[in-house]
Amino acid sequence: MSPANATGPTMVTIPAPAIRPCSMCSGQALAAMRSSSRRLKWTTIRASADRLSSPTLTTTVDLISSWPTRRACSSFANDRYSACVPIMTVRTRFAPSPTGYMHIGGMRTALFNWLWARHNEGQFILRIDDTDQERNIDAALAPILHAFRWLGLGWDEGPEVGGPHAPYFQSKRGHLYRQAVETLLFRGQAYRDFDPPELTQADREAAEKEKRPFLNVRRSLDLSDVEREQYLAEGRPHVIRFLVDRNARISIEDHIRGHVEWDCGLIADPVICRGDGSPLYNFATVVDDAQLEITHVIRAEEHLTNTSVQAMLFDALGYARPEFAHIPFVAAPGSKEKLSKRAKKLEKYRKNPQFQKLFEIADDVLPKIGLQPGESMNPVMVSYYEAVGFLPEAILNGLSRLGWSYDDKTENMSLDFVTEHFTLERVVRGPAGLDPDKLLSYQEHWMAQRSTEERVDGCLPFLVKAKYIGNPIEASDVRYVTHLIQALGERLKLFSDILQYDEYFVSDADLTFDEKAFDKRLRKPEEAGTLLRDFREELASAESFDAESLEALLHHWVDQQEIKIAQVIHALRVATTGKPAGPGMFDCLALLGKDRCLARIDRALELI
RNA sequence: GCCCCCAUCGUCUAGAGGCCCAGGACAUUGGAUUCUCAGUCCAAAGACAGGGGUUCAAAUCCCCUUGGGGGUACCA
């Protein structure tokens, strides 16, 4: 089918061979582009046949959406459209404001930016949006940088590493914004608005009352030059607003949302500079994105509406617009609501059956290692996951799968794997609720990949913080913990799980017996005490105390006594560990050693 | 109020008009294994929000309704 007789949109797919010139330029354009600093890629496009002749042709090419305007040359023949497509190195950014913590949802956005940059062998930039910060930036930034490091997401430009577009702090880029404002003011695309805030507010309320969209009254535009000069001279407070062309429409081709269009007649003139001259986010971000040569703005959906204003700003300043990809935000578990760290919401999450588990882990673990669960440490923050002993791989895996998938069955993916296969095309559109259960299951999977030594390394800090072992750590402690972790096997899911096995670290006198289990296994069965007392003597005379010998010993003994193993083993477990459940009985006994086993059994026998 | 976005099992998702009376994973339930727990194995249950079109054929395209969410700041 050719475009001429196409009746409806027809998908035309162009196969993508290795980089080679298109049929029209025979390589001239390719050579020319290669000699410049840009890289060239030959790529597959897929476009509606009815749009092929249009100069505004759009494609679903993930590398570049505006390729018709950037192509070096192209040809169309036999239903095949081929083109040499020059593309710039992909540059993405994440622009956190220094709030003192890293939000797990923000981390997912950062990850997608990082992935897209790495997937394309481009650069990932960290820029600090501190336009309205007065606090200690360094202290507020440290946890954020730490989160990136913990997950192993490096940045090519930004704080600490610098880069060709330094500084990377908006608070230090004031002159650049001022320059841009001057340009806009000079061109008449921005104006000084002398209306006091109260007046604007009243206008806004009036609009709402009449159920019409709010638009600025633009009184200051009617000021004569003389009046304006006079106001300025007397230092009358004012903001600077961008002058929206109310007759225009503005649209973007979003990588996730597709075509999104706004009627500018419905958009109020946005403030771009505060009364004190400082820039607002919408403005600063445009200036920065342009000057840092960001090619892809990947951010959460909540910014989609802002994009209309930003697109106008890019145009007005004469900057090429970056490509946009508005990814769904991370929602609270089991909801479609944006995950929030506000205290009120936190209380709600705590009661959420899906989220509860993570809060319970915090309540259990954090106090043991000297931290307080609450506003400063909870599952909305990345630091929580590190504090509680998650693996970076698990968090990365979970975050990657939140709103993105590789195919219909692959679940466990390493960062390398995701990097290789990540495309914006496969990002879903709906919001994705954080799934604690799934996160835990990724954690199980990745923990299972870790060697015993690695698990020991991960657990030791927890044991030290909980004062279960001393600091500095003795070699004998390491050996002991290694044995415990071997015995634990896949029971150890989080590194902090090691703290549940306090029975291996307390003295025999301090061991607490689980009341319910003690009743059930030691007090209730009539023969339990006698059997345990008898078996205690067997243990006492045992020559070797390794798990294998102990197992043989017990089996031999129960055969002799003509009883079932279950009649004694549960009592033995409760007596030696204080708990009804745990690793294999013989591992436990071997781990504790003969003396402690006997001492604990004696104590239990006395308590029956 | 106004603007914008979104809609498949409880959850995360697969799905580009026929491969789909919808596939996978997590969670759930049952069974097997074991001294307990964890794990492992097997099995079960479980979804296209509703209504109209278009089409020989719709989860998929279009429209409407409903529902959910986001934005609407001298916040980011």
Side-chain angles (χ1 to χ4, degrees), chain A residues 8-9 11 46 60 95-97 99 106 129-133 193 197 200-201 204 207-214 237-241 254 256-257 260-263 266-268 270-276 278 280-282 284-285 299-308 326 328-329 331 333-338 353-354 398 401-412 426 428-442 444 448 488-493 497 517 521 551 554 564-570 572-574 577 579-586 588:
Chain A
M11 299 318 269
R46 197 207 236 161
T60 55
S97 68
T99 50
D129 275 15
D130 54 355
T131 50
D132 72 338
Q133 300 293 322
D193 182 1
T200 310
Q201 187 54 33
R204 201 183 301 276
E208 180 153 341
K209 216 172 200 174
E210 293 168 37
K211 298 187 181 182
R212 59 177 167 81
F214 165 72
H238 64 278
V239 295
I240 297 173
R241 287 184 189 273
D254 191 277
I256 320 287
R257 314 279 144 188
V260 185
E261 193 172 311
W262 294 269
D263 179 353
L266 266 21
I267 300 174
V271 173
I272 55 177
C273 276
R274 296 188 178 89
D276 64 5
S278 63
L280 264 92
Y281 166 78
N282 260 342
T285 203
R299 64 189 8 163
E301 185 193 343
E302 66 220 64
H303 290 281
L304 186 57
T305 313
N306 282 332
T307 308
S308 57
H326 287 91
F329 50 76
S335 84
K336 301 288 177 205
E337 231 171 291
K338 200 167 83 175
Q354 291 183 64
R401 282 287 288 103
L402 227 49
W404 179 84
S405 67
Y406 169 62
D407 60 10
D408 60 344
K409 32 184 74 82
T410 313
E411 290 289 341
N412 298 123
R426 291 196 64 83
V428 302
R429 300 146 98 96
L434 184 72
D435 189 340
D437 280 323
K438 201 127 185 187
L439 211 47
L440 253 3
S441 103
Y442 288 126
E444 277 180 53
L488 250 27
E490 298 193 351
R491 272 163 277 245
L492 186 85
K493 285 160 190 162
D497 284 346
R521 300 301 192 187
E551 181 160 13
L554 179 67
K564 286 203 166 128
I565 202 164
Q567 286 175 268
V568 67
I569 202 162
H570 298 297
L572 184 61
R573 176 181 292 284
V574 177
T577 68
K579 291 178 183 169
M585 185 73 266
F586 309 105
C588 296

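Letters A, B, ... mirror the listed sequences (proteins, then strands); counts begin at 1. Computed from a prediction, not measured in an experiment: that's the story for all the values here.
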Review point. What is the pairing partner of B:U29, taking Watson-Crick or G-U wobble pairs with both distances under 3.5 Å in any strand?
Key: B:A43

Point to revise | Touch class at under 4.0 angstrom, heavy-atom based, for A:Leu439 against every strand present | key: nothing

Review point. Just checking A:Arg521: base, sugar-phosphate only, or nothing, at a heavy-atom cut-off of under 4.0 Å?
Key: nothing

Exercise for review: Pick base, sugar-phosphate or nothing for A:Gly433, based on heavy-atom distances below 4.0 Å to the nucleic acid.
Suggested key: sugar-phosphate

Study note, to complete from the structure: Note: for A:Glu411 and A:Val239 on RNA chain B, the residue whose nearest nucleotide lies more 5' is A:Glu411

Review point. Checking A:Arg426 side chain against A:Ser405 main chain: does a donor-acceptor pair fall under 3.5 Å?
Key: yes

Review point. Once each nucleotide of nucleotides 1-8 of chain B is scored for protein heavy atoms under 4.0 Å, what B/S/- sequence comes out, 5' to 3'?
Key: SSSSSS--

Review point. NA contact type, A:His303, heavy-atom cut-off 4.0 Å: base, sugar-phosphate, or nothing?
Key: base

Practice item. Kindly say if A:Arg401 contacts the phosphate of B:G24, meaning a side-chain N or O under 4.0 Å from OP1 or OP2. Key: no

Review point. Between A:Ala581 and A:Asp276, who's closer to the 5' end of RNA chain B by nearest nucleotide?
Key: A:Ala581

Review point. NA contact type, A:Gly403, heavy-atom cut-off 4.0 Å: base, sugar-phosphate, or nothing?
Key: sugar-phosphate

Review point. Is there a donor-acceptor contact under 3.5 Å from the side chain of A:Arg401 to the main chain of A:Tyr406?
Key: no

Review point. Which nucleotide in the list B:A76, B:A38, B:U36 gets nearest to the side chain of A:His570?
Key: B:U36

Check your understanding: What does A:Lys209 touch in the nucleic acid at a heavy-atom separation under 4.0 angstrom: a base, only the sugar-phosphate, or nothing?
Key -> nothing

**Study point:** Main-chain N/O of A:Arg573 paired to A:Thr577 side chain as donor or acceptor, under 3.5 Å
**Key:** yes

Revision key, fill the gap. Among the nucleotides B:C74, B:A14, B:C35, whichever has the atom closest to the side chain of A:Arg204 is B:C74

Review point. Distance between the C1' atoms of B:A25 and B:G15, in whole angstroms?
Key: 16 Å

Exercise for review: Could you check which of B:C35, B:A14, B:A76 has an atom nearest any side-chain atom of A:Tyr281?
Suggested key: B:A76

Review point. If you take all heavy atoms of A:Ser97 and A:Asp129, which pair is closest and at what distance?
Key: CB-O, 3.0 Å

Review point. Base, sugar-phosphate, or nothing: which does A:Glu490 touch, judged by heavy atoms less than 4.0 Å apart?
Key: sugar-phosphate

Practice item. Could you check whether A:Lys579 gets within reach of a base, just the sugar-phosphate, or nothing at all, counting any heavy atom under 4.0 Å? Key: nothing

Exercise for review: Answer yes when A:Lys338 and A:Glu301 have at least one side-chain N-carboxylate O distance shorter than 4.0 Å, and no when they do not.
Suggested key: no

Exercise for review: Starting at the 5' end of nucleotides 59-65 of chain B, put B wherever the base has a protein heavy atom under 4.0 Å, S where only the sugar-phosphate does, and a dash everywhere else.
Suggested key: -------

**Study point:** Sugar-phosphate only, base, or nothing, as touched by A:Pro237 at under 4.0 Å among non-hydrogen atoms
**Key:** nothing

Exercise for review: Locate the shortest heavy-atom distance separating A:Glu337 from A:Ser335; write the atom from each residue and the value.
Suggested key: N-OG, 3.0 Å

Review point. Under 4.0 angstrom, heavy atoms only, what part of the nucleic acid is A:Asp435 near: base, sugar-phosphate, or nothing?
Key: base

Review point. How is A:Asn282 classified with respect to the nucleic acid when contacts are heavy atoms under 4.0 Å: base, sugar-phosphate, or nothing?
Key: nothing

